[in-house]
Amino acid sequence: LQAVRKKLIRMKTMKTTALAPPVAPGAVPSLPAATEEATSICPQYQAVPDFQRVQITGDYASGVTVEDFEVVCRGLYRALCIREKNMQQSLQRFPKTPSQYLRSIEGEPWKPSDLGPVFTPPVKEGQDPLDSGNLPEDLGYHVQMKDGIVYVYADKAAADRNEPKDLPYPILENFVDDMNFLLVLIAQGPVKTYAHRRLKFLSSKFQVHEMLNEMEEMKELKNNPHRDFYNCRKVDTHIHAAACMNQKHLLRFIKKSYCVDANRVVYNAQGKQLTLKQLFQQLKLHPYDLTVDSLDVHAGRQTFQRFDKFNDKYNPVGASELRDLYLKTENAINGEYFATIIKEVGSDLEDAKYQHTEPRLSIYGRSPEEWPKLARWFNTHRVYSPNMKWMIQVPRIYDVFRSKNFLPHFGKMLEYIFVPVFEATVNPQAHKELSVFLRHITGFDSVDDESKHSGHMFSTKSPKPEEWTSQKNPSYTYYIYYMYANILVLNNLRRQRGMNTFLFRPHCGEAGAITHLLAAFMTADNISHGLNLKKSPVLQYLYFLARIPIAMSPLSNNSLFLEYAKNPLLDFHQKGLMVSLSTDDPMQFHYTKRVLSHEGGVLQCVLSHEGCPLPHRGCPVPRRGVLQCLLSHEEKVKFLGEKYEEDGPDGNDIRKTNVAQIRVAYRYETWCYELNLIAEGLKNE
């Protein structure tokens with residue numbers, strides 16, 4: 001009882017003033033970012049001006065009893081530990097600050113980790129980005145899939161003896177145990193109450209902060225020379241290559257190709273070769289008569305809650321033949337038109353200078369030849385731009401392939417997706433085009449309609465991928481686990497070889513069950529959409545604590561799943577979640593060439609019309625996009641500043657980011673305070 005009283009007294013005196021990072025026993029404490037000593041030794045642009053802080057006094061247990069508070073803190077601590085462990089094992093990112101607090105709770109000294117993603121350095125001037133002359137030698141290893149995971153062996157004999165190389169391999173039982181713990185945690189009453197109240201407090205606190213410090217932040221930005229919203233770096237972190245152009249660009253290219261190539265053979269129709277002119281005649285069309293309206297690729301209210309109709313919008317004028325010709329990498333002209341369109345988009349980005357994008361190309365897993373063909377397309381047409389970083393998206397459509405007997409079981413789909421990449425990693429000399437292509441790949445995405453329900457609950461009793469012969473689609477979590485498991489092994493193998501690694505960045509939380517977001521919390525570096533976080537206060541709070549980046553696309557959501565006015569982006573931004581803006585599919589949703597600026601402009605107009613505070617005052621959202629993206633370390637130093645990896649105002653260079661130091665200091669101190677609450681709740685354990 002005495003210990004409980006002491007803890008209650010301690011909680012009554014807690015304040016939300018600036019906090020220094022946690023210090024392990026025996027370590028030398030560092031100064032808070034906003035002290036006079038700190039500002040006197042740092043450059044003027046890094047100094048944090050004086051600003052008004054919110055201070056809370058009194059009983060501060062957020063409406064839960066002291067006993068429940070301990071249970072809550074214990075659960076949140078373990079949840080963060082689960083994510084930290086999974087991110088480190090798979091060489092993905094986990095922020096420094098929560099890691100410091102976790103070590104402080106454990107009474108262990110914190111040490112900077114050398115584990116993390118490996119990025120391909122930027123191409124130097126005069127260097128060929130597709131050069132295959134410096135590929136590593138063959139290791140002679142043997143790769144083989146077992147229970148849905150690729151294992152690496154010294155040779156075939158070692159595989160027969162079941163003696164894999166010393167690489168970390170995920171253990172299904174451990175993953176399921178962690179998942180079950182999190183499922184219980186997000187449903188616990190005290191945890192839900194605590195998370196809900198903390199999130200409400202974060203939102204209210206931000207509104208008070210803006211009211212008190214808005215003018216000081218504006219003063220900082222006005223005194224910042226040269227930099228503004230238009231010339232700060234912006235990265236479109238979620239965009240699909242097949243729709244990376246706007247509809248006018250596609251229309252203009254179709255007309256241009258007809259003028260130049262009318263008599264060129266461009267299409268095979270049941271063994272019959274057709275010229276471009278004959279193809280349009282067969283479709284009873286003439287390019288001259290086409291308009292953006294008749295092209296009919298723009299999504300509208302007719303696609304709302306209709307993912308099938310949305311997919312049909314990829315067919316210009318409703319003709320799948322034009323999609324195959326202009327938006328595919330495999331066709332009678334080897335994807336030449338698609339490559340040309342993408343290179344034109346890349347050229348526009350280079351002209352704009354300050355915009356980058358991360359387009360997704362598809363690997364379906366229906367054939368082992370998909371990877372070599374895609375790599376050949378990339379290299380042959382030289383689809384390279386310094387303003388583009390490429391990703392691979394894997395559609396969750398096993399059920400379609402199985403119903404057509406393209407695949408015998410789900411394990412074969414996983415084999416076709418991952419084994420070619422392992423083979424190119426082990427023996428780059430035998431897979432030169434693929435090895436060069438993989439240098440420009442930064443991550444994997446998992447895509448499809450999340451609202452489809454599989455009826456399967458992932459557990460240790462789930463069929464192994466080789467045993468999944470049913471025509472039913474596996475659950476979202478099933479897909480996510482086996483993609484994460486193979487990326488984990490692949491990343492560790494590639495790191496040993498000095499090659500770039502990959503991050504897992506799935507579509508998640510656009511629709512469907514909140515268990516999707518739970519699976520992503522355990523496995524994904526960052527996610528796209530995240531709308532359903534608003535349905536689970538515990539997961540939303542965990543995403544805040546772990547600073548998991550979320551690429552949100554309100555214009556896309558408006559046409560598919562959620563009306564613009566109901567989009568939680570502003571709410572997430574106010575609470576301090578790491579949200580960034582992205583476009584998803586410019587061909588379907590945008591009208592201008594600068595699609596990311598268009599997305600931001602619409603957001604500004606809607607919020608200002610509703611009298612809401614603007615998240616683009618300064619450029620905190622674009623800065624988060626650059627932090628979230630997979631540009632190399634050298635490029636991020638150039639765009640964000642030399643200390644961009646540091647949390648808090650020390651990591652913000654206002655000259656490059658146009659984000660006020662006051663805002664960054666507020667976010668950092670608030671984040672530290674929430675983490676410190678957990679540490680305080682576990683202090684006596």
Side-chain angles (χ1 to χ4, degrees), residues 120 235-246 250 297 299 307 310-311 313-314 323 326-330 335 338-339 341-343 345-346 349 355-366 370-371 373-375 377-378 381 383-385 387-397 417-418 421 434 437-450 479-480 483-484 487 500-510 520 524-530 549-553 555-557 560 580-590 595-596 599 625 628-631:
T120 301
V235 181
D236 194 345
T237 50
H238 170 208
I239 181 173
H240 301 279
C244 67
M245 75 300 294
N246 63 60
L250 177 61
V297 294
F307 206 84
F310 170 72
N311 282 334
K313 290 294 181 179
Y314 278 94
R323 178 180 184 177
Y326 289 102
L327 303 177
K328 292 286 187 179
T329 59
E330 293 182 47
F338 186 37
I341 292 173
I342 290 178
K343 287 194 286 186
V345 172
L349 291 171
Q355 294 192 22
H356 295 69
T357 188
E358 296 183 303
R360 273 87 165 150
L361 293 168
S362 293
I363 289 289
Y364 296 93
R366 66 185 172 196
E370 287 182 47
W371 276 104
K373 288 180 179 178
L374 185 60
W377 169 83
F378 186 87
H381 299 294
V383 190
Y384 168 80
S385 168
N387 290 53
M388 286 182 169
K389 298 293 179 182
W390 294 91
M391 287 184 58
I392 295 298
Q393 64 179 22
V394 180
R396 297 186 299 275
I397 52 175
I417 293 169
F418 288 105
V421 185
L434 180 52
F437 179 49
L438 290 173
R439 282 206 304 248
H440 299 280
I441 299 299
T442 59
F444 284 84
D445 191 353
S446 176
V447 301
D448 198 32
D449 181 6
E450 283 190 73
Y479 270 101
I480 292 296
M483 287 195 68
Y484 164 78
I487 291 169
N500 62 297
T501 58
F502 309 114
L503 298 185
F504 188 33
R505 305 170 59 183
H507 281 50
C508 184
E510 186 178 19
D525 179 87
N526 59 74
I527 65 170
S528 299
H529 293 302
I550 307 167
M552 303 192 73
S553 311
L555 280 177
S556 166
N557 304 145
L560 272 169
S580 64
L581 266 183
S582 60
T583 60
D584 198 354
D585 296 285
M587 184 175 74
Q588 275 92 344
F589 307 119
H590 300 83
V595 291
L596 196 56
E599 186 86 40
Q628 172 183 349
C629 78
L630 300 184
L631 292 170

Evaluation steps, side chain to side chain contact (heavy atoms under 4.5 Å, CB included), between Phe338 and Val383: CA-CA 10 Å; Phe338 186 37; Val383 190; over 6 Å; no
Could you tell me how the ring of [X] sits relative to the ring of [Y]: parallel (under 30°), tilted (30 to 60°) or perpendicular (over 60°)?
{"X": "Phe444", "Y": "Phe502", "answer": "perpendicular"}
{"X": "His238", "Y": "His529", "answer": "perpendicular"}
{"X": "Trp390", "Y": "Trp377", "answer": "perpendicular"}

Working to the nearest 0.5 Å, report the span between [atom1] of [X] and [atom2] of [Y].
{"X": "Tyr484", "Y": "Phe504", "atom1": "OH", "atom2": "CZ", "result": "10.5 Å"}
{"X": "Gln393", "Y": "Ile363", "atom1": "CD", "atom2": "CD1", "result": "10.0 Å"}
{"X": "Ser528", "Y": "Glu358", "atom1": "OG", "atom2": "CD", "result": "9.5 Å"}
{"X": "Cys244", "Y": "Ile341", "atom1": "SG", "atom2": "CD1", "result": "8.0 Å"}
{"X": "Asp445", "Y": "Leu361", "atom1": "CG", "atom2": "CG", "result": "11.5 Å"}
{"X": "Arg505", "Y": "Met391", "atom1": "CZ", "atom2": "CE", "result": "4.5 Å"}

Where [X] and [Y] come nearest, the two heavy atoms and their spacing:
{"X": "Tyr479", "Y": "Ile397", "answer": "OH-N, 3.6 Å"}
{"X": "Gly530", "Y": "Ile527", "answer": "CA-CD1, 3.9 Å"}
{"X": "Asn526", "Y": "Pro549", "answer": "CB-O, 3.2 Å"}
{"X": "Gln628", "Y": "Ala551", "answer": "NE2-CB, 3.5 Å"}

[Y] and [X], any side-chain heavy atoms less than 4.5 Å apart:
{"X": "Met483", "Y": "Val394", "answer": "yes"}
{"X": "Val345", "Y": "Met388", "answer": "yes"}
{"X": "His240", "Y": "Asp584", "answer": "yes"}

Side-chain donor or acceptor of [X] paired with backbone N/O of [Y] under 3.5 Å:
{"X": "Glu450", "Y": "Gly509", "answer": "yes"}
{"X": "Thr120", "Y": "Arg439", "answer": "yes"}
{"X": "Ser385", "Y": "Asn387", "answer": "yes"}
{"X": "Asn500", "Y": "Ile441", "answer": "yes"}
{"X": "Gln588", "Y": "Ser556", "answer": "no"}
{"X": "Asp585", "Y": "Ala243", "answer": "no"}
{"X": "Lys373", "Y": "Thr329", "answer": "no"}

Worked verdict on Ile342 versus Phe378 for side chain to side chain contact (heavy atoms under 4.5 Å, CB included): CA-CA 11 Å; Ile342 290 178; Phe378 186 87; over 6 Å; no
Worked verdict on Leu374 versus Ile392 for side chain to side chain contact (heavy atoms under 4.5 Å, CB included): CA-CA 11 Å; Leu374 185 60; Ile392 295 298; 4.0 Å; yes
Donor-acceptor side-chain pairing of Ser582 and Ser553 below 3.5 angstrom: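 There is such a pair (donor and acceptor under 3.5 Å, judged by atom type) between the side chains of Ser582 and Ser553.
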Stepwise side chain to side chain contact (heavy atoms under 4.5 Å, CB included) test for Leu327 and Met245: CA-CA 10 Å; Leu327 303 177; Met245 75 300 294; 3.9 Å; yes
